[in-house]
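As structure tokens, the structure follows; a few thoughts come after it.
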Protein chains: 2
Amino acid sequence: MVSRAESAAATRRALLDSAAELLDEGGPEAVTLRDVAARAGVSRGAPYGHFADKESLLAAVAAEGWERLGDEIAAQQGSPSDRLRGALAVLVTIGRRCPHRYRQMFGAPAGEETGMLINASCRAQEKFLAIVSELVDERDVHRYGGLLFTGVSGIIAAELSGYFATGTWHTSADELVDTLVTTIADGRAQRPVHPR
Amino acid sequence: MVSRAESAAATRRALLDSAAELLDEGGPEAVTLRDVAARAGVSRGAPYGHFADKESLLAAVAAEGWERLGDEIAAQQGSPSDRLRGALAVLVTIGRRCPHRYRQMFGAPAGEETGMLINASCRAQEKFLAIVSELVDERDVHRYGGLLFTGVSGIIAAELSGYFATGTWHTSADELVDTLVTTIADGRAQRPVHPR
DNA sequence: CTCACTCATGTGACGATGTCATATGGTCGA
DNA sequence: TCGACCATATGACATCGTCACATGAGTGAG
């Protein structure tokens with residue numbers, strides 16, 4: 001038979017998967033601990049044996065999203081410039097495919113699992129910085145890397161809010177990402193600009 | 001005495017102010033229709049005479065935030081470059097002073113008031129574009145304006161999530177904003193780059 | 001092999017909350 | 001002055017997060 005530890009681990013996994021599904025389908029409001037438990041095949045109180053509360057469960061889902069994002073960033077291949085554009089494209093793709101999970105990842109960390117969530121995001125962001133470090137001068141890595149990552153995340157957030165579909169900006173998220181990476185990375189790679 | 005219309009308008013205003021206060025104090029989860037009504041001095045059911053549901057009330061609060069943001073952007077004075085940096089500084093200031101309201105403004109629009117909220121944000125964003133149009137070539141206004149606005153919003157969101165306080169980026173939101181506006185606006189003002 | 005123990009899970013319950021149906025009381029037009 | 005209208009108040013209901021307690025199966029010591 002299955003040991004008790006294996007059963008508990010499977011339950012935890014099923015809870016995480018069910019929560020991620022409900023999050024993707026209907027946003028955080030649609031993630032009901034009762035529905036999560038039902039979809040995982042357990043009862044209402046079972047999640048409390050694995051997560052402190054609903055916020056912690058959602059934080060764990062977001063942390064797994066950061067881990068997957070970090071893996072996909074690290075899996076980029078080709079020239080440093082290709083890997084940079086590929087990594088940012090991963091960000092765009094995740095935002096479009098799972099907008100609610102994306103907002104959960106980039107939203108305000110809350111609950112007891114805040115530290116764990118921040119750590120997961122930092123690990124992914126450092127993998128991104130590793131790519132940037134091959135393109136710009138050592139002293140500009142954090143400056144330009146942070147600008148690229150946070151800038152693209154803002155562009156995606158604007159697209160998810162529908163700001164590119166209402167005719168104000170007359171542009172697209174893809175064009176803005178391309179402009180940003182071209183201006184920052186390609187433009188500054190040859191002639192790094194250091195703080196005075 | 002006060003007319004009925006005046007009384008209703010005052011109630012609506014009190015509801016909006018109370019909701020904004022509760023939002024700033026404890027985030028969207030802390031905005032309880034019961035608390036909003038109590039702080040406004042009315043009963044639980046009163047808000048439903050002015051707003052369809054809780055989402056609509058929060059959307060109305062966010063829309064007023066966009067209006068105030070647009071006013072402060074339009075109030076910038078000095079050279080075009082000063083007005084651009086001032087407008088972006090307004091964005092940063094609002095995000096730091098009222099993080100929850102900021103997230104409500106830039107978060108996913110929901111509820112019946114989505115259109116109204118999008119319109120309010122577009123009005124503010126167009127005032128920002130008016131400043132940008134004085135700095136870059138006409139054909140680059142939307143491209144660089146959108147990049148500046150959405151990029152800075154992403155930088156602020158990262159700061160609100162605590163990503164600059166955990167030692168990953170080794171930089172600050174202010175430095176990133178300065179780098180972005182310097183690279184984009186100042187760098188491209190003299191020599192506009194058009195799509196091929 | 002047995003038995004007490006441990007811990008994940010199931011179940012009942014409670015307070016809080018969003019929302020609606022209905023009652024009510026004051027205001028405005030005729 | 002009177003009847004309609006409308007903002008508000010109140011009661012009620014379903015849902016949800018959360019906890020206390022019960023239960024039952026896996027586990028290790030003897």
Side-chain angles (χ1 to χ4, degrees), chain A residues 1-23 25-62 100 104 107-108 110-114, chain B residues 1-23 25-62 100 104 107-108 110-114:
Chain A
M1 288 315 216
V2 292
S3 71
R4 182 161 54 176
E6 286 170 351
S7 173
T11 300
R12 179 188 164 90
R13 180 99 299 275
L15 289 170
L16 284 169
D17 292 339
S18 304
E21 285 178 25
L22 289 168
L23 177 62
E25 292 170 9
E29 321 298 324
V31 179
T32 297
L33 279 187
R34 285 167 160 84
D35 287 350
V36 171
R39 192 171 291 215
V42 293
S43 73
R44 313 182 310 253
Y48 288 92
H50 301 270
F51 304 96
D53 51 13
K54 181 184 175 180
E55 275 186 339
S56 298
L57 173 59
L58 285 175
V61 171
H100 294 116
Q104 197 69 33
E112 307 176 359
E113 305 292 333
T114 297
Chain B
M1 290 311 243
V2 290
S3 71
R4 181 160 55 175
E6 285 170 350
S7 172
T11 299
R12 179 187 164 90
R13 179 100 299 276
L15 289 170
L16 285 169
D17 292 339
S18 304
E21 284 178 26
L22 289 169
L23 178 62
E25 292 170 7
E29 322 297 325
V31 179
T32 297
L33 280 186
R34 284 167 159 83
D35 287 350
V36 171
R39 192 172 291 215
V42 293
S43 73
R44 312 180 312 250
Y48 288 93
H50 301 271
F51 305 96
D53 51 11
K54 181 183 174 180
E55 275 186 339
S56 298
L57 172 59
L58 285 175
V61 172
H100 294 116
Q104 197 69 33
E112 307 177 1
E113 306 293 333
T114 296

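Throughout, a chain's letter reflects where its sequence line sits, starting with A, and its residues are numbered from 1.
- Near-neighbour residues of DNA chain C inside residues 10-23 of chain B, defined by a heavy atom below 4.0 Å, are absent.
- Put simply, the side chain of F51(B) does not reach to within 4.5 Å of the side chain of V61(B), judged on heavy atoms.
- Within residues 25-36 of chain A, the residues approached by DNA chain C to less than 4.0 Å at the level of any non-hydrogen atom are R34(A), in residue-number order.
- Nearest heavy-atom pair, H100(A) versus L23(A), reported as atom, atom and distance to 0.1 Å: CB-O, 3.2 Å.
- A donor-acceptor distance shorter than 3.5 angstrom exists from the side chain of T11(B) to the backbone of S7(B), with no hydrogens or angles considered.
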Set out, line by line, the N/O atom pairs under 3.5 Å between protein and nucleotides 23-26 of chain C.
| residue | atom | partner | partner atom | Å |
| --- | --- | --- | --- | --- |
| dG26(C) | N2 | R4(B) | NH1 | 2.7 |

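- For DNA chain D, the neighbouring residues in residues 39-55 of chain B, judged by any heavy atom under 4.0 Å, are V42(B), S43(B), R44(B), G45(B), A46(B), H50(B).
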Side-chain atoms of residues 53-60 of chain B: list all donor-acceptor pairs with protein atoms under 3.5 Å, sequence neighbours left out, distances to 0.1 Å.
| residue | atom | partner | partner atom | Å |
| --- | --- | --- | --- | --- |
| D53(B) | OD1 | S56(B) | N | 3.0 |
| D53(B) | OD1 | S56(B) | OG | 2.8 |
| K54(B) | NZ | V31(B) | O | 2.9 |
| E55(B) | OE1 | G111(B) | N | 3.4 |

Under 3.5 Å, side-chain donor or acceptor atoms of residues 33-50 of chain A against the rest of the protein: list the pairs with distances, not counting sequence neighbours.
| residue | atom | partner | partner atom | Å |
| --- | --- | --- | --- | --- |
| R39(A) | NH1 | E21(A) | OE1 | 2.9 |
| R39(A) | NH1 | E25(A) | OE2 | 3.0 |
| R39(A) | NH2 | E25(A) | OE1 | 3.4 |

